[in-house]
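Per chain, numbering begins at 1; letters A, B, ... match sequence-line order. Heavy-atom basis, side chains included; hydrogens, waters and symmetry copies ignored.
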Number of protein chains: 2
Amino acid sequence: MIAGKYKLRIVWDLKDGPLRYGQIRSGLLRGADGTGEIAPRELSRELKALTQSGLIDRKDYGVVPPKVEYRLTPKGRSFVPVIAAIRWGTRHLGRARAVDRSAAS
Amino acid sequence: MIAGKYKLRIVWDLKDGPLRYGQIRSGLLRGADGTGEIAPRELSRELKALTQSGLIDRKDYGVVPPKVEYRLTPKGRSFVPVIAAIRWGTRHLGRARAVDRSAAS
DNA sequence: CAGGATCCCGGTCGATACTG
DNA sequence: CAGTATCGACCGGGATCCTG
């Protein structure tokens with residue numbers, strides 16, 4: 001259900017409110033230089049999978065230029081504490097990648 | 001660090017005490033009929049990775065026939081609650097595989 | 001008993017180009 | 001802006017056989 005390289009990070013990034021496709025994409029940058037970002041195809045697939053799993057919800061505003069927002073469903077929100085636990089663990093076990101701009105914890 | 005198909009289950013199974021190679025293997029059976037168990041190569045690799053990550057500890061008794069025990073390190077033990085959180089989540093989100101013989105929770 | 005060696009399949013993910 | 005289409009590399013993992 002949460003398999004995939006970005007699913008956890010996506011859900012985590014959505015915990016503070018809805019984000020648009022491009023915003024999610026920006027949040028997943030691997031390098032500060034912009035190289036090696038997530039391929040649109042990949043982001044699209046992960047979002048689709050998360051939607052089908054019922055963790056997130058897709059809202060298409062049906063306008064041009066396109067505007068689509070993704071937000072957590074209740075189910076998705078119920079999963080956030082689990083991710084928090086994972087993050088807590090990883091932070092204490094070394095290895096944390098700490099790609100967190102929200103200065104939580 | 002916990003990537004891999006069996007790592008979480010291995011750590012989880014070790015939470016109640018040390019287990020020998022064969023015991024871990026038995027605990028990972030996928031079918032009750034014994035078909036499709038984990039390949040020894042795979043178990044070996046996951047155990048090696050977990051050892052290098054410092055989550056488990058390998059104790060070789062150096063006897064014949066071979067006897068090797070694996071146990072959690074403090075670091076590994078500190079990770080158990082995280083797995084518990086994951087299990088809690090999955091149980092509440094559907095999808096739980098519930099391969100649990102310890103009747104916990 | 002606890003692994004190592006070998007072969008190979010399939011899924012995941014990356015890069016690039018294109019579009020309503 | 002929010003995706004799709006296409007091609008291909010990587011590698012996790014399965015099956016089987018072998019060994020100190």
- Query: Quick one: side chain to side chain donor-acceptor pair (under 3.5 Å) partners of R71(B), sequence neighbours excluded?
  - Reply: E69(B)

- Please list residues of residues 42-50 of chain A whose heavy atoms come under 4.0 Å from any atom in DNA chain D, ordered by number; otherwise none. S44(A), K48(A)

- Query: What closest approach, in Å, do T51(B) and R58(B) show between heavy atoms, and which atom pair accounts for it?
  - Reply: OG1-CB, 4.5 Å

- Note on the structure: Separation of dT12(C) atom P from I2(A) atom CD1, nearest Å, is 14 Å

- Item | Any residue meeting side chain to side chain contact (heavy atoms under 4.5 Å, CB included) with T73(B), in chain and number order, not counting sequence neighbours | D57(B), K75(B)

- Sorted by chain and residue number, the salt bridge (Lys or Arg N to Asp or Glu O under 4.0 Å) partners of R41(B) (sequence neighbours excluded) come out as none

- Whole-Å gap separating P (dG14(D)) and CG (L29(B)): 13 Å

Can you name the atoms? Protein N/O to nucleotides 6-11 of chain C N/O, anything below 3.5 Å, with the distance.
residue	atom	partner	partner atom	Å
dT6(C)	O4	R41(B)	NE	3.0

- Hits for salt bridge (Lys or Arg N to Asp or Glu O under 4.0 Å) against R25(B), two or more places apart or cross-chain, chain-then-number order -> E37(B)

- Where along residues 63-71 of chain B does a heavy atom come under 4.0 Å from DNA chain C, residue by residue in number order? P65(B), P66(B), V68(B), Y70(B)

- Query: Apart from Y61(A) itself, which Ile, Leu, Val, Met, Phe, Trp or Tyr residues share its cluster (side-chain heavy atoms under 4.5 Å, direct or through members)?
  - Reply: V63(A)

- Message: Counting the atoms with a prime plus P, OP1 and OP2 as sugar-phosphate, which does R20(B) contact under 4.0 Å by heavy atoms, base, sugar-phosphate, or nothing?
- Response: sugar-phosphate

- Message: I need the single residue from R77(A), K7(A), M1(A) that forms a side chain to side chain contact (heavy atoms under 4.5 Å, CB included) with L55(A). Which is it?
- Response: M1(A)

- Query: Through what angle, rounded to 10 degrees, does the axis of the helix from dC1(C)-dG20(D) to dG20(C)-dC1(D) turn between its ends, using five pairs per end?
  - Reply: 50°

